[in-house]
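Keep in mind that this is a model prediction, so the values were computed, not measured. The chains referred to below are lettered A, B, ... by the order of the sequence lines, with proteins before strands, and numbering in each begins at 1.
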Amino acid sequence: MNNKIIDTPTNFIRNIIEKNIEAKLYENKKWAGTPGPKKNHTNANEDFAKIRTRFPPEPNGYLHFGHAKSIILNFGLANDYEGRCHLRFDDTNPEKENEEYAKSIIESVLWLGYKFQDEVEDNLYYASDYFDYMYQAALVLIQADLAYVDKQTPEEIRINRGTLTEPGKDSPYRNQSVDENLTLFSAMKDGKFKDGDMVLRAKINMASPNINLRDPAIYRIRHAEHHKTGKQWCIYPMYTFAHPIEDALEKITHSICTLEFEDQRPFYEWVLKKLAENDFLDKPLPKQHEFSRLNLTNIVLSKRKLIQLVEENHVDGWDDPRMPTLVGAKRRGYSPNSFKLFMNRIGVSKTDSLIDYGTFEDSVREVLNDECDRRIAVLNPVKLLIENFPDDHIELCEVPNHPQYPERGKRIVNLTKELWIENEDFQINPEPKFFRLFPGNTVRLRYGFAIECTGYETDDSGNVVLVKCNYLPDTKSGTPGSDAIKVKGNIHWLSTKHSINVEVRNYDRLFNSENPNLFDNFLDDINVNSVSKSDVICEESIKNSSPGHQFQFERHGYYIVDPISKANKIVFNRTVTLRDTWNK
RNA sequence: AGGGGAGUCGCCAAGCUGGUUAAGGCACAGGGUUUUGAUCCCUGCAUGCGAAGGUUCGAAUCCUUCCUCCCCUGCCA
């Protein structure tokens, strides 16, 4: 089990890294201990980290399952190849980002079990900490006549960019002098212009078949307050310009992103190459590699749609256990190891894929089977009366916490004359192959006695309200006589006098169809029955559990104590049911 | 239509500098163990690698043509 979580199968990125290491690409890689341009690193020692990767979220939302894939990939690579993985906030757009998101992101990465700060170094970074460097990098490009300030309106820029099949047209400002560009860019920085008045553009090729190379904008004017730098800046670098620089300053070796950035790679390389040629950055330069993003059935993972679900109250907040966010997963009981096992199972490639949600749930079951102690709960109770049982007798039954791990200990559950059993465990007229309770049949009360069903009572509408039985005195579990009688059925039970009520919340898929994104409006596909609440009977030992405690309710599934639980009312979220092949 | 990617079993995914019978996982089917119809353990599961040609003693791996799907025309990331 552990090995399945730790041992990651090979993939194309690991192959690249191994080839790079073998080619001694990073033998003389310098690292000053903190990020910086070439002058900071040249006299530093060789980097002790064999490779460096990074997870670079924008702090404008909560992390979701897709991010988990990236986190596990990047941190996993660093761990496996004696490297380091940086957590870097890509906060280059002041209008969308804030500290609350950043805080939650940090918590989620830690929750998954990854560290970016230790006694050796602190690798928590903000792109906004590099704004000075980025400004310098822009100046380097302008001075090399590789960037210019464009006074065209956004509309003009759009029109002159051309189309997918037609080349663009050069801006009338494209051949401004270096001095003019320097003056203008400086004025931009000093707040002399309004948002959108002008923009700094890289000078590459307006006729490139790759639209991303048609003089992309690299700096824009935004008179906005930044969550980290306040009002210090009114110009901000674009992602496409900032990202390669961030990577290079941090001496990242492998910059791993999703497929939609493939077209961007030539520009990523252009920026690095030009800045290295002009002595701003040192080698080895980072290399970008792209993998396909995670797609799962019956959920949505686009940030826009997740925001909509929350803001329009289709769910109860970002951490609603139905949400495919990491904060939601935590409440739902999807443990970090579940994610790791799942990611190892699906692998990393460049193929577009759509993975069945059931595959994820299977990984959850496999991990939770090991991680969770067992408890007893009767979800849908009906009374069972043991007619030949002494009225006030309490039989103490030893119950193991985990059938495969005796070292996890045992607990005592009280057996009495009147019990709760599962409604589904009794049938008046048993269907074929049903081997639980029915009149005349013998089953075992799990960890207790074998019983024989002697009859039942119904109410006026024919519902069974009481099942009657006799117990077989010499059959108690763990005693020599217990094996004397063989039964096929094994049902769980709880004493009506020694049990407590708890609330259980059952969750189902948030969307009805495999791919809600195919709907004109994905909300039309929402599953209106994705949550149901019920009161259930639980064994007494559960009352000392606190939020985050997770159990398997035997024969049912995995459940986790929710933070909204009160002392007198514990609330459980159902993580996932057990596999059930009975109905197949 | 221009550019960039991808197509190997129901779902993933190795292999792809050509050379044993095309790894592995999940799912599925059958059998065994089991005081959870759970877990666990066995066994089975692509003469086939998007299609058609070609090169070769030999091709999923090389060449040609074709087909399908995804991404790109933000002063978002």
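Base contact: A:Gln552 has a heavy atom under 4.0 Å from a base atom. No engagement by A:Val487 is indicated, since no non-hydrogen atom pair under 4.0 Å with the nucleic acid exists. Nucleic acid contact for A:Phe435: base, since at least one base atom lies under 4.0 Å from a heavy atom of the residue. Base contact: A:Arg222 has a heavy atom under 4.0 Å from a base atom. Across all strands, A:Asp362 comes closer than 4.0 Å only to sugar-phosphate atoms, never to a base (heavy-atom distances). Across all strands shown, A:Gln404 has heavy atoms under 4.0 Å from base atoms, whether or not it also approaches the sugar-phosphate. Counting non-hydrogen atoms under 4.0 angstrom, A:Thr153 reaches a base of the nucleic acid. Counting any heavy atom pair closer than 4.0 Å across all strands shown, A:Thr92 reaches sugar-phosphate atoms only and no base atom. Note on A:Arg158: only backbone sugar-phosphate atoms sit closer than 4.0 angstrom, heavy atoms only; bases stay farther off. Among the protein residues, A:Phe434 comes within range of the nucleic acid bases, having at least one heavy atom under 4.0 Å from a base atom. Residue-level contact check: A:Lys303 touches neither bases nor backbone, having no heavy atom under 4.0 Å from any strand. The residue A:Leu164 sits close to a base: some heavy atom pair falls under 4.0 Å. Among the protein residues, A:Pro403 comes within range of the nucleic acid bases, having at least one heavy atom under 4.0 Å from a base atom. Contact annotation for A:Gly162: base contact, defined as any heavy-atom pair under 4.0 Å involving a base atom.
Straight-line distance from the CG atom of A:Asp197 to the P atom of B:C75: 15 Å, rounded to whole Å. Atom-to-atom, CD of A:Glu166 to C1' of B:G3 comes out at 14 Å; the value is rounded to the nearest Å. What separates CD1 of A:Ile159 from P of B:U73 is a distance of 16 Å, to the nearest Å. Atom P of nucleotide B:U36 and atom OH of A:Tyr558 are separated by 13 Å, given to the nearest angstrom. Going from atom NE2 of A:His223 over to atom C1' of B:C75 covers 13 Å, rounded to whole Å. Taking atom CG on A:Asn490 and atom C1' on B:U39, their separation rounds to 14 Å, with Å as the unit.
The aromatic ring centres of A:Phe360 and A:Phe65 sit less than 6.0 Å apart. For A:Tyr236 and A:Phe131, the ring centers sit closer than 6.0 Å to each other. Taking the six-membered ring for Trp and the full ring otherwise, A:His289 and A:Phe12 have centroids separated by 6.0 Å or more. Between A:Phe185 and A:Tyr148, the ring centre distance reaches or exceeds 6.0 Å.
Classification of the A:Tyr130-A:Tyr125 ring pair by plane angle, with boundaries at 30° and 60°, yields tilted. Ring geometry for A:Trp582 versus A:Phe434: interplanar angle of 30 to 60°, hence tilted.
Look at A:Thr359 and you won't find any side-chain N or O under 4.0 angstrom from OP1 or OP2 of B:C11. In terms of phosphate contacts, A:Arg161 brings a side-chain nitrogen or oxygen within less than 4.0 Å of OP1 or OP2 of B:C75. Contact check, A:Arg579 against B:C28: a side-chain N or O comes under 4.0 Å of OP1 or OP2. Residue A:Thr240 has no polar side-chain atom (N or O) positioned under 4.0 Å from OP1 or OP2 of B:A77.
The cationic atom of A:Lys189 (NZ for Lys, CZ for Arg) lies less than 6.0 Å from the six-membered ring centre of A:Tyr135 and within 45° of the ring axis.
Remark: ring of A:Trp582 overlaps the six-membered base ring of B:G37 in a stacked fashion, centroids less than 5.5 Å apart, planes less than 30° apart.
In terms of polar N and O atoms assigned as donor or acceptor, the side chain of A:Glu366 never comes within less than 3.5 Å of the base of B:U39 in a complementary pairing. A donor and an acceptor atom never sit less than 3.5 Å apart when one is taken from the side chain of A:Arg555 and the other from the base of B:G37.
Sorted by first and then second residue, the ring-ring contact (aromatic ring centres under 6.0 Å, His included) pairs with a member in residues 472-495 of chain A read A:His492-A:His556; sequence neighbours excluded.
When the nearest nucleotides of RNA chain B are assigned to A:Arg374 and A:Leu259 by heavy-atom distance, the more 5′-ward of the two goes with A:Leu259. Residue order along RNA chain B, read from the 5' end via each residue's closest nucleotide, puts A:Asn210 first among A:Pro237 and A:Asn210.
Taking atom C1' in both B:G30 and B:C70, one finds a spacing of 40 Å when rounded to whole Å.
Inspection of the A:Arg436 and A:Asn441 side chains reveals no N or O donor paired with an N or O acceptor under 3.5 Å. Looking only at atom types and distance, the side chain of A:Arg54 has no donor-acceptor partner in the side chain of A:Asn74 under 3.5 Å away.
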The dot-bracket string of RNA chain B, counting Watson-Crick and G-U wobble pairs with both distances under 3.5 Å, using [ ] for crossing pairs and | for pairs to another strand, is .(((((((.[[[..)...(....]]].(((((.......))))).....[[[[[..)....]]]]])))))).....
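Ranking B:A77, B:C26, B:C75 by closeness to the A:Phe261 side chain, first place goes to B:A77. Counting only heavy atoms from C-beta on, A:Arg220 has its side chain closest to B:C76 among B:C76, B:G37, B:C26.
For B:G74, the glycosidic angle deviates from 0 by 90° or less, giving a syn base.
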